[in-house]
Amino acid sequence: MTAAPPIPDPSLELRAVAHSYARTPALRGVSLTLHPGEVVAVTGPSGCGKSTLLHAAAGLLTPQAGSVTLLGRDLARLDETERAVLRRREVGIVLQYGQLVPDLPLRDNVALPLLLDGGDLAAARTAAHDALARVGLADAAGAVPQEVSGGQAQRAAVARALLTSPRVLLADEPVASLDATGGRQVLDLLLDVARRDGGAVLLVTHDNTAAALADREVRLRDGAVEHEAVLR
Amino acid sequence: MALLVAVAVLTVHDTVLSGVTSYYRDADGRQVVEVGREPVGGLAPFLAEPGLRPGTAIAAVLLATPFLALAVQALRVGGVLEQRRERQLSLAGAAPADLRRLRAARTAAAFTRGGFWVAPAYLVLWVLLHPALPPGARLLPRLQAELLVAWPVLVLLLRWGGAALGALTPGAAHRRGPLDAAPATSNAPSRAHVAGLLALGLVLVAGGWWWLPLGVVPLAVGAALVLLAVRAATRRSVFTGPRPRARGGTAVALLAAAQRRGGLAAATGTSAVLFVCGLSFGYTSAMAGSLLFPPRGGTEYDSERLTFYLSGAGLAAAVGAVAAAVALASLLLGLTDHLAGTRRAVASTAALGTPLRTLVAVQARCLVRSAVPPVVAGTLLGGLPLGIALLATSSPGGLAPLLAALVGGAAVALACHLLARALTGRVRAATGLENLRVP
Ligand SMILES: Nc1ncnc2c1ncn2[C@@H]1O[C@H](COP(=O)(O)OP(=O)(O)OP(=O)(O)O)[C@@H](O)[C@H]1O
Ligand SMILES: [Mg+2]
């Protein structure tokens, strides 16, 4: 009798997470597990709590109930600085709304995670340049976020999230303002994090084609899991 | 902000005008300046003494200008947010006239609220500058019953003035179209700013000319202000240079430079006020230097006048204290304005994994960068003319402005760090995720 292959510790585990904003309950007890090398798509109608879920997973928001374990660490037990450092070193985040720092050239925006860790400016800029080139933005490296299109800004955010080779990638509508070809290119880069590098990817999207590329789909409705499907 | 305007106006009125009128009343009698006797008006004794008249007038102007500069800065607070909001309203279909009406309604309300606070604020100022000072050195006259009538009138005037000001403020956001509101327009110092500098400079030049040879100081300062105004009109930004750049490749340096590029108008406002404070401070330090180490060969300096000079030193100290207080208020305004205008930048940087400590450091650096150079420059400019004259008589007091610039610069840098630290809560609030949803 042979032992079953060991199941790796999950990269991200949400247990019965609930959160309400002033008037609106946004999440009502959502549980979700994400393993290394796995891509999970979170889908659902607008306002169902997808972004809130991602923010809780990233430790950007402390949910009122439930627990979040990111890379083996209970986020509620980390202080603000520890969460920030964890995020910067191990997690790549693409947010739905303008996350690039205004008035800072794309190149420096992308280099920020390295610089914040005390990296050398020239080296960080070189790395940022490569990352921008991978998303097809080599020419826009010197532009500030206000000067680029929505899709370009989104690609720059993806470049930044990929820069540190994260073990967990959290992406909120990363291809929402991209055309089909550009969107597919960016999705491939994101999927590579799981398929090639063994990271875990949480992909929030309302795009069915994008969701179909995931290993699993979790559909939310009114802040609760409505449906969960294994796709491959 | 209306409060600041009103207090500035009241300060000017009571320090200068009441002093002048009582001077006329007492013009004949030298005994008025005798120490220990309650003088009629605030600054009357100093003005009654011909030798001190120019100095006192300069001191009064120096006392009042930081307040005025602060008031102008206060008027600009929130400008970045305001422009953004107006751009959106106009995208939503608001015509320029609608925006004007909205602005007028809002400023009128703000000015009225401020107007109500004028009397209590003046009372506090009066307590500090009348009963708290020795009889010979009081800077404000006794309280007069007319003030009670003046208050409601002032509130009304402020209300109208505020409405007019709101309606007249050029809506930079839609000179052509809502989306043409390029950051470039908000980065340039406003015309009012330049005109203010120019006017102040010309007044000082004219006054200095009138009082020559004593007026050499205001003459020099005024000329410098005129030059600055010209430079401002031609080179976009007076104090911060054409485009702030990061020195040193740290994340803090880059973020601070980006933030200052984004909020150049606000930063320029802070810088301008601090420059004026520096002028006051520098001149005061030179005066203090001349009192502590009187120029050799000065025949007039004898013990009988010593007490009199000491009152002068008190006045100088008051100018310094006012300048310091205004500088602090200006820094505070500057930081809160920064934070309000850059909420999204702060929130996005935090989301990326920047500890709060680093964000506070960015704010501190922004403040230091826009605060220390103008203070040092202002102090040197305000103090060196008199300082050099003192050094020419080989009085070591001439070094006072240098010392003041050094101490002032260090103190302001420290204040910036402490303020940023003290406002950590505000920085934390700016990191709120909901701020990512603001444009
Ligand atoms: N800061 C906030 N304050 C109050 N309510 C909020 C806040 N943020 C989100 N909400 C509410 O919480 C609910 C969930 O929001 P969330 O952004 O998570 O939805 P979503 O699924 O990401 O929607 P979309 O697909 O449109 O991005 C919504 O009803 C929204 O109105
Ligand atoms: Mg969302």
- For the candidates Ile93(A), Val85(A), Leu86(A), Leu112(A), which exhibits the highest count of non-hydrogen atom pairs separated by less than 4.5 Å from chain B?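 Of the candidates given, the most pairs with chain B belong to Leu112(A).
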
- Return the option, out of Glu82(A), Arg83(A), Arg88(A), Glu80(A), with the maximum number of heavy-atom pairs under 4.5 Å with chain B.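 With the most close heavy-atom pairs to chain B, the winner is Arg88(A).
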
- Message: Suppose a student defines contact as a heavy atom less than 4.5 Å from any heavy atom of chain A. Which residues in residues 351-358 of chain B would they list?
- Response: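 Listed by number: Ala351(B), Leu352(B), Gly353(B), Thr354(B), Pro355(B), Leu356(B), Arg357(B), Thr358(B).
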
- Kindly write out the residues that satisfy side-chain contact (heavy atoms from CB on, under 4.5 Å) with Asp179(A), not counting sequence neighbours, or none if the list is empty.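 With sequence neighbours excluded, Asp179(A) shows a side-chain contact (heavy atoms from CB on, under 4.5 Å) to Thr181(A), given in chain and number order.
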
- Message: If I measure from the heavy atoms of chain B, does Arg160(A) come under 4.5 Å with its side chain, its backbone, both, or neither?
- Response: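 Contact with chain B: side chain only.
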
- Message: Using heavy-atom distances under 4.5 Å, tell me whether Arg89(A) contacts chain B through its side chain, its backbone, both, or neither.
- Response: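 No part of it gets close to chain B.
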
- Task: Nearest 0.5 Å please: distance from the CG atom of Asn109(A) over to the OG atom of Ser348(B).
- Result: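 So the CG of Asn109(A) and the OG of Ser348(B) are separated by 7.5 Å.
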
- Message: I'd like to know whether CZ of Arg106(B) has more than 12 heavy-atom contacts from other residues, nucleotides or ligands below 6.0 angstrom.
- Response: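 Yes, because the 6.0 Å sphere around CZ of Arg106(B) holds more than 12 heavy atoms from other groups.
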
- Heavy-atom pair of closest approach, residues Leu254(B) and Leu104(A):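 That closest heavy-atom pairing would be O-CD1, 3.7 Å.
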
Distance-only donor-acceptor hits, side chain of residues 57-71 of chain A, under 3.5 Å, sequence neighbours excluded:
{"unit_1": "Gln64(A)", "atom_1": "OE1", "unit_2": "Ser20(A)", "atom_2": "N", "d": "2.7"}
{"unit_1": "Gln64(A)", "atom_1": "NE2", "unit_2": "Ser20(A)", "atom_2": "O", "d": "3.0"}

- Query: So which of Ala347(B), Gly432(B), Ala251(B), Ala350(B) has the largest heavy-atom pair count under 4.5 angstrom toward chain A?
  - Reply: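 Going by pairs under 4.5 Å, I would pick Ala251(B).
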
- With side chain to side chain contact (heavy atoms under 4.5 Å, CB included) as the test, would you mind laying out the steps for Asp108(A) and Leu255(B) before giving the verdict? CA-CA 9 Å; Asp108(A) 294 344; Leu255(B) 289 171; over 6 Å; no

- Task: State which residues pass ring-ring contact (aromatic ring centres under 6.0 Å, His included) with His19(A); sequence neighbours excluded, sorted by chain then number.
- Result: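 For His19(A) the ring-ring contact (aromatic ring centres under 6.0 Å, His included) partners, ignoring immediate neighbours, are Tyr21(A).
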
